[in-house]
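Just below is one structure, and these are the notes that go with it.
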Protein chains: 2
Amino acid sequence: MEELTKEQCTKSLLPIRDALDVINGKWKLHIIGSLLHGNRRFKDLQRDISGITAKMLSQELKSLELNGLVSRTVYDSAPVIVEYMLTPYGKTLQKLMDELRLWGTEHRKRMISPAAVK
Amino acid sequence: MEELTKEQCTKSLLPIRDALDVINGKWKLHIIGSLLHGNRRFKDLQRDISGITAKMLSQELKSLELNGLVSRTVYDSAPVIVEYMLTPYGKTLQKLMDELRLWGTEHRKRMISPAAVK
DNA sequence: TATACTACTTACCTTAAGGATAGTGGTTTC
DNA sequence: GAAACCACTATCCTTAAGGTAAGTAGTATA
């Protein structure tokens, strides 16, 4: 097994940071969670995610779109309909989210009754 | 496959949030990364992690200790020596970090040359 | 006795994330 | 023609994360 230099170690944190940045913020996981259940329009998302403002929803959707996780389709109807959906790439996040959920669930148990897992 | 209600869906995000909170912040991953290479004293960590201040290092170490990821040992020598190490539990983070690194590496490729992966 | 080292702590300041509220532009319904 | 619906955008404000700089307490070395 090779030892990593300090620089290599710091560098190896960059992709982790990238991954975290993509899902960071108060609302992104909520949006992804909602979209995992199917396509949604703007108002649908706002209804699904209690507490989110139009400003934040719009902002976070743009960020998710920029990162290729969410696609935005405008239907030329009246009134105009805008539909958001997870891209196939966006769906690859689910595995990561499952891992995080698993670790987080164990952690929560451990924090509630530390004696039981010491 | 069962459909989740809105409440169940929101609830399932909680452990994910827990996991993310544990490693969130600008410095925690750097500290964990350094400790993955062996035990470290306060000054060692400060030297390892370029840019971190004593205040932030102290603050983040406390948070990691509270979460059971890092242990703090004071040796009754003169001058006093304080050693930090990852607990076995802290080491379980490595798997998660590897998954995040994997996804993040792919994401970085995709962001640099989107055409190649379209 | 002065300087330096270790392991921090304290007080203050800056910046960025997010919240509150209101407004825009188009369309449709009453 | 007034009110309502959709999909946002703009402006201002609060809060929290993190940075700066200095200080503390104990020991040890010159």
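In the text below, chain A, chain B and the rest are named by the order of the sequence lines, each starting its count at 1. Nothing here was measured: the structure is a model prediction, and the numbers come from that model.
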Taking N or O atoms only and anything under 3.5 Å, show me the protein contacts with nucleotides 27-30 of chain C, one pair per line.
unit_1 : atom_1 : unit_2 : atom_2 : d
C:dT28 : OP1    : A:A78  : O      : 3.4

Self-check item: Side-chain N,O (B:K26) to OP1/OP2 (D:dG19) below 4.0 Å
Solution: yes
Quiz prompt | A:I16 vs B:W103 side-chain heavy atoms within contact, under 4.5 Å | solution = no
Practice problem: Only one of A:K91, A:M97, A:E60 passes side-chain contact (heavy atoms from CB on, under 4.5 Å) with A:I32; say which it is. | Solution: A:M97
Quiz item: Please give, in whole Å, the distance from C:dC8 C1' to B:Q59 CD?
Solution: 13 Å
Exercise. Find which nucleotide of DNA chain C each of B:R41 and A:K28 is nearest to by heavy atoms, and output the residue with the more 5' nucleotide.
Key: B:R41
Quiz item: Roughly how many Å is it from OH in A:Y75 to P in D:dA7, rounded to a whole number?
Solution: 12 Å
Quiz item: Do B:K95 and A:E99 have side chains that get closer than 4.5 Å, going by heavy atoms?
Solution: yes
Self-check item: Side chains of A:Q46 and A:I52 in contact at under 4.5 Å (non-hydrogen atoms)
Solution: yes
Quiz item: Over how many whole Å does the gap from A:E60 atom CD to D:dA7 atom P extend?
Solution: 19 Å
Quiz prompt | Whole angstrom value for the distance that separates C1' of D:dA7 from CZ of A:R47 | solution = 12 Å
Self-check item: Options D:dT20, C:dG19, C:dA7, nucleotide nearest the side-chain atoms of B:T53
Solution: D:dT20
Quiz prompt | Separation of atom CD1 in B:I81 from atom P in D:dA25, rounded to whole Å | solution = 22 Å
Quiz item: Hey, is A:K109 close enough to A:E106 for a salt bridge, meaning N to O under 4.0 Å?
Solution: yes
Self-check item: Side-chain H-bond candidate by donor/acceptor type, A:Y84 with A:R72, under 3.5 Å
Solution: yes
Exercise. Return the value, rounded to whole Å, for the distance between atom CG of A:L20 and atom P of D:dA17.
Key: 16 Å
Quiz prompt | Between C:dT21 (P) and A:I52 (CD1): distance, integer Å | solution = 17 Å
Quiz prompt | Flag side-chain contact, heavy atom, 4.5 Å: B:R101 against A:S12 | solution = yes
Practice problem: Take atom CG of B:D21 and atom C1' of D:dA16, then tell me their distance rounded to the nearest Å. | Solution: 14 Å
Quiz item: Which part of the nucleic acid, if any, lies within reach of A:L57 when heavy atoms closer than 4.0 Å are counted: base, sugar-phosphate only, or nothing?
Solution: nothing
Practice problem: Decide yes or no for B:K28 and B:S63: does some side-chain heavy atom of the first lie under 4.5 Å from some side-chain heavy atom of the second? | Solution: yes
Quiz item: Quick one: what's the B/S/- string for nucleotides 8-15 of chain D, heavy-atom cutoff under 4.0 Å, read 5' to 3'?
Solution: BBBB----
Quiz item: Got A:M85 and A:V70 here, is their nearest side-chain heavy-atom distance under 4.5 Å?
Solution: no
